[in-house]
> 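Mind having a look at this structure? Questions to follow.
Letters A, B, ... mirror the listed sequences (proteins, then strands); counts begin at 1.
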Amino acid sequence: MSEVRTRFAPSPTGTLHIGGARTALFNWLYAMNKNGKFYLRIEDTDKLRSTTEAINAIFDGLKWLELNWEKQVIFQSQNINRYKQIIDYLLEINCAYYCYASEIELQRMKKESREKGLIKSYNGLWRDRIPKAEDKKIKPVVRFKSPQVGQTILNDLVQGKVVVNNNQLDDMILLRSDGTPTYTLSVVVDDYDMNISHIIRGDDHLNNAIRQINIFRSLGWKVPNFAHIPLIHDSDGKKLSKRNNAVGVDEYKNMGILPQAMKNYLLRLGWSNGDDEIISENDAINIFSIENIRKAPSRFDLKKLKNINSYYLKNTPQDKILSCIYNLLEKKYGEKIIKDNLFKLEYLLSDIIERHDNINDIFYNSKFIFNKIINLNNDTIKIIKNSNKKNIINYIIQLKEINDWNVNNIENSAKSFAKNNSLSLKDIAMPLRACITGSKNSPNIFKIMFILGQKDTIKRIEKYYL
RNA sequence: GACCCCUUCGUCUAGCGGUUAGGACAACGCCCUUUCACGGCGUAAACACGGGUUCGAGUCCCGUAGGGGUCACCA
């Protein structure tokens, strides 16, 4: 069997779209599964819309997801001459022709066919026509001679057998009037030149596949395997749009999602292996199969992504998570403050991770460790206001008497104080939490007091109780 | 409108002719508990509809309805 080669071929018009990321993932997994190769091709034939920022965004997104592509990246803009050469050949073998139809004529044709309920918008006017001198005032396009009788059959690896009557096929444009080749043609040429064995892409390309198959055949080239995967929808069942959704992978990165979680989530969207939910990268490579891709589109669910993220957060080595947070801390605090207090974060990290489902929240809820001054919010103001001041002041005295400052002693002191004063532990713990962390939620407050140290702890309490 | 594709709990899905229709997320409840989480236990929740085929249909076939995609000198 020949080598499996897949490709991800985005057009660089924005960020790496989440749907594109999944397409890339599937292509990558399939190639890895078959011990094949995964290529990246930038479809930048539309120079107006393609930007270098967008190209870099694609690189960055794929790198973040660790979907490694073959070193050689193909840029379609660099293959223009090759495409033209193929178009010339198609012209030569009478599989393509010049079309001199004017814009007005084209519009009329389109209108007519709409009225008749036809799918074609071009009626083949110039198929067998020889241009007169006056026709040549118009810069022609080159059109493909689509077969007009019979059927074109696509045996799609996901969609199954798709049959289209050829009388519905348009003579699509291969070369624009400005002399640049179109997507439909470039894709075919590149996929052939790159020796792509499996084309895995969104099913919005399903109709294109039928047309492209005919180009492959005209050229006498072997038609690759197609797998058209369903699109990802938003929570309303519509195509994901920027308007209501975070659509770029960079947005999820900034949200504090781990790439492993993103990949795991994307993998399970439309693909499954029994009841497996958490799938390691190695397992994914081993068990991935196109047969298990569903045909129906699936909706994007941020809650589930976050749930998976929290799983990966808990199961990723802590130093890795620490380095993610470190980047955020560095922007907020100087290096010195971080250095002096990092051991405290390290001590509390697993307790903090347990409480949150993304890096940002972990960072946000670690700030009390580094902040010199603890500010209160509405919740904590209320807690302190409703607490018994005298009790806390008395408790501070007891705190000062602790000789061996460790978690057990601190906790026991609070418990015995509560007991001796007929209070519940909550009556002590909550006010402490409020003035020590500035929040009504936190990890075990006694662990926090321990790692902050006796002096700082008492200082923080006294700020609001003296 | 035409063509193509799709349809199991709210969501992601298992199921490949005989199941009390399973799991996960979310929701809700209880337990644990200094808070929030984690964890544990539990509740509620689905085969779009109508015809066939069959002893038997979520599973096969045909309609209907609904949803999606495509109909560019964009990719």
Side-chain angles (χ1 to χ4, degrees), chain A residues 9-13 43-46 48-50 76 99 101 103 106 110 113-122 139-143 154 156 158-160 162-165 168-170 172-184 186-187 202-208 210 228 230-231 233 235 237-239 265 268-278 294-308 310 314 350-357 365 379 383 411 414-415 418 424-434 437 439-446:
Chain A
S11 57
T13 55
E43 311 223 316
D44 55 350
T45 48
D46 185 351
L48 285 177
R49 300 204 312 171
S50 307
Q76 288 200 320
C99 166
E103 208 162 308
L106 253 19
K110 200 180 277 183
S113 52
R114 265 314 148 83
E115 281 163 3
K116 285 185 193 163
L118 297 172
I119 192 169
K120 283 206 274 194
S121 59
Y122 179 75
K139 271 195 168 178
V141 298
V142 174
R143 288 184 183 268
L154 163 63
D156 193 273
V158 172
Q159 303 292 335
V162 178
V163 181
V164 171
N165 286 323
Q168 293 162 20
L169 262 28
D170 231 341
M172 63 275 189
I173 293 171
L174 303 178
L175 190 76
R176 299 186 189 95
S177 56
D178 68 358
T180 58
T182 61
Y183 162 82
T184 327
S186 327
V187 167
D203 72 7
D204 48 339
H205 285 285
L206 191 63
N207 287 282
N208 286 328
I210 297 287
H228 288 93
L231 266 19
H233 285 172
S235 52
K238 299 270 156 64
K239 201 172 171 179
Y265 176 72
R268 283 285 289 100
L269 213 53
W271 179 88
S272 60
N273 182 61
D275 285 336
D276 292 357
E277 296 288 349
I278 299 294
R294 270 170 61 94
K295 285 167 129 182
S298 38
R299 300 180 185 201
F300 189 83
D301 182 9
L302 187 60
K303 282 184 176 162
K304 186 141 186 178
L305 207 208
K306 287 199 169 171
N307 175 273
I308 290 174
S310 88
K314 282 173 207 132
S350 62
D351 295 274
I352 298 174
I353 290 172
E354 190 177 281
R355 285 164 173 76
H356 305 284
D357 59 20
N365 289 288
D379 288 330
I383 290 168
E411 184 166 349
K415 281 182 175 164
S424 73
L425 189 55
K426 203 200 271 187
D427 297 325
I428 306 293
M430 283 310 283
L432 294 183
R433 171 172 290 116
T437 69
S439 165
K440 65 171 179 164
N441 308 133
S442 83
N444 185 318
I445 190 62
F446 306 115

> What integer distance in Å separates A:His228:NE2 from B:rG69:P?
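Atom-to-atom, A:His228 to B:rG69, this comes out as 16 Å.
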
> Measuring to OP1 and OP2 of B:rU13, would you say a side-chain N or O of A:Ser298 lies under 4.0 angstrom away?
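Yes, because at least one side-chain N or O of A:Ser298 sits under 4.0 Å from OP1 or OP2 of B:rU13.
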
> How long is the span from the CG atom in A:Leu269 to the CZ atom in A:Arg294, to the nearest 0.5 Å?
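Reported value, rounded in 0.5 Å steps: 10.5 Å.
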
> Mind checking A:Gly202 for me? I need base, sugar-phosphate or nothing, with any heavy atom below 4.0 Å counting as a touch.
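Contact class for A:Gly202: none.
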
> State, with a plain yes or no, whether a side-chain heavy atom of A:Thr182 is found less than 4.5 Å away from one of A:Met172.
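When only atoms from C-beta onward are counted, A:Met172 and A:Thr182 do not touch, as no gap falls below 4.5 Å.
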
> Sort out the partner of B:rC60 for me: Watson-Crick or G-U wobble, both distances under 3.5 Å, none otherwise.
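Pair assignment: B:rC60 / B:rG52.
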
> Working note: A:Asp357 + A:Asn307, criterion side chain to side chain contact (heavy atoms under 4.5 Å, CB included); need CA distance, chi angles, decisive distance, verdict.
CA-CA 7 Å; A:Asp357 59 20; A:Asn307 175 273; over 6 Å; no

> Counting Watson-Crick and G-U wobble pairs only, both distances under 3.5 Å, name the nucleotide matched with B:rA14, or none.
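No nucleotide pairs with B:rA14.
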
> Quickly work out the A:Arg268 CZ to B:rA14 P distance and round it to whole Å.
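A:Arg268 atom CZ is separated from B:rA14 atom P by 7 Å.
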
> Contact class for A:Ile383 vs. all strands (heavy atom < 4.0 Å): base, sugar-phosphate, or nothing?
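Counting heavy atoms under 4.0 Å across all strands, no contact is made by A:Ile383.
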
> A:Asn208 has an atom CG; how far is it from atom C1' of B:rA75, in whole Å?
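In whole Å, B:rA75 C1' lies 8 Å from A:Asn208 CG.
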
> Do the side chain of A:Arg143 and the main chain of A:Asp170 share a donor and acceptor less than 3.5 angstrom apart?
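No, A:Arg143 side chain to A:Asp170 backbone: no donor-acceptor pair under 3.5 Å.
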
> Would you say that A:Pro443 contacts A:Arg355 through its side chain, given a criterion of any heavy-atom pair below 4.5 Å between the two side chains?
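When only atoms from C-beta onward are counted, A:Arg355 and A:Pro443 do touch, with a gap below 4.5 Å.
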
> Does A:Ser310 put a side-chain nitrogen or oxygen below 4.0 Å from OP1 or OP2 of B:rC38?
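Checking A:Ser310 against B:rC38: no side-chain N or O falls below 4.0 Å of OP1 or OP2.
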
> Would you measure the distance from the P atom in B:rC36 across to the matching atom in B:rC28 and give it in whole Å?
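14 Å, rounded to whole Å.
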
> Whole angstrom is fine here: how far is it from CG in A:Leu305 over to P in B:rC25?
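Between P of B:rC25 and CG of A:Leu305: 14 Å.
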
> Return the nearest nucleotide to the side chain of A:Val141; candidates are B:rC73, B:rG68, B:rA14.
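That would be B:rC73.
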
> Contact class for A:Lys110 (heavy atom, under 4.0 Å): base, sugar-phosphate, or nothing?
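Sugar-phosphate, backbone atoms only, no base.
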
> Look through every strand shown and name the nucleotide pairing with B:rC30 as Watson-Crick or G-U wobble, where both distances are under 3.5 Å.
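Looking at the geometry, B:rC30 pairs with B:rG40.
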
> If pairing requires Watson-Crick or G-U wobble contacts with both distances under 3.5 Å, which nucleotide is the partner of B:rU7?
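Pair assignment: B:rU7 / B:rA65.
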
> Short question: side chain of A:Ser11, backbone of A:Thr13 - any donor-acceptor pair under 3.5 Å?
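Between the backbone of A:Thr13 and the side chain of A:Ser11 there is no qualifying donor-acceptor contact (under 3.5 Å).
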
> Which atom pair, heavy atoms only, marks the closest approach of A:Asp276 to A:Arg268?
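Smallest heavy-atom distance, with atoms named: O-NE, 2.9 Å.
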
> Give a yes or no on whether the backbone of A:Gln76 and the side-chain of A:Thr45 come within a donor-acceptor separation of less than 3.5 Å.
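It does not hold such a pair.
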
> Please encode protein proximity along nucleotides 1-7 of chain B as a string of B, S and -, counting only heavy-atom distances under 4.0 Å.
BSSSSSS

> Return the value, rounded to whole Å, for the distance between atom CD1 of A:Ile278 and atom P of B:rC25.
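My rounded result for the distance is 9 Å.
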
> Rounding to a whole Å, what distance do you find between A:Lys238:NZ and B:rG69:C1'?
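Checked: the NZ to C1' distance equals 13 Å.
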
> Heavy atoms under 4.0 Å, any strand shown: does A:Ser439 hit a base, just sugar-phosphate, or nothing?
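The answer is nothing, as A:Ser439 stays clear of every strand by at least 4.0 Å.
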
> For B:rG69, does either OP1 or OP2 sit under 4.0 Å from a side-chain N or O belonging to A:Lys239?
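A:Lys239 to B:rG69 OP1/OP2: no side-chain N or O under 4.0 Å.
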
> List the atom of A:Ser113, the atom of A:Ser121, and the distance in Å for their closest heavy-atom pair.
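That closest heavy-atom pairing would be OG-CA, 3.6 Å.
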
> Strictly by Watson-Crick or wobble contacts shorter than 3.5 Å, is anything paired with B:rC71, and which nucleotide is it?
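Per the H-bond distance test, B:rG1.
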
> If a protein heavy atom is under 4.0 Å from the base, mark B; if only from the sugar-phosphate, S; if neither, -; do that for nucleotides 26-37 of chain B going 5' to 3'.
S-------BBBB

> Examine distances only and state if a side-chain atom of A:Thr437 and a backbone atom of A:Ala434 form a donor-acceptor pair shorter than 3.5 Å.
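Side chain of A:Thr437 to backbone of A:Ala434, a donor-acceptor pair under 3.5 Å: no, none is there.
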
> Write down the distance separating the P atoms in B:rG56 and B:rA2, rounded off to the nearest Å.
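So the two P atoms sit 38 Å from each other.
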
> Check whether any side-chain N or O of A:Tyr265 sits under 3.5 Å from a backbone N or O of A:Asp301 as a donor-acceptor pair, and report yes or no.
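Side chain of A:Tyr265 to backbone of A:Asp301: a pair is present.
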
> Could you give the OH-to-P distance, from A:Tyr265 to B:rC12, as a whole number of Å?
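Distance, rounded to whole Å: 8 Å.
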
> If you define the side chain from C-beta out and look only at heavy atoms, does anything of A:Leu154 sit under 4.5 Å from A:Leu206?
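Sidechains of A:Leu206 and A:Leu154: in contact.
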
> Does a side-chain heavy-atom distance below 4.5 Å link A:Glu43 with A:Val187?
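The answer is yes; the side chains approach within 4.5 Å.
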
> Going by modelled atom types, is there a donor-acceptor pair between the base of B:rC71 and the side chain of A:Ser121 at under 3.5 Å?
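Per atom types, no contact qualifies.
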
> Give a yes or no answer on whether the side chain of A:Arg299 reaches the backbone of A:Ser235 with a donor-acceptor pair at less than 3.5 Å.
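Pair found, side chain donor or acceptor close to backbone of A:Ser235.
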
> Rounded to whole angstroms, how far apart are CD1 on A:Ile173 and C1' on B:rC73?
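To the nearest whole Å, that distance equals 4 Å.
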
> Please tabulate the protein-to-nucleotide N/O contacts below 3.5 Å involving nucleotides 17-21 of chain B, giving atom names and distances.
none

> Under 4.0 Å from OP1 or OP2 of B:rA14: is there any side-chain N or O of A:Ser272 that close?
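So the side chain of A:Ser272 is within the cut-off, an N or O lying under 4.0 Å from OP1 or OP2 of B:rA14.
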
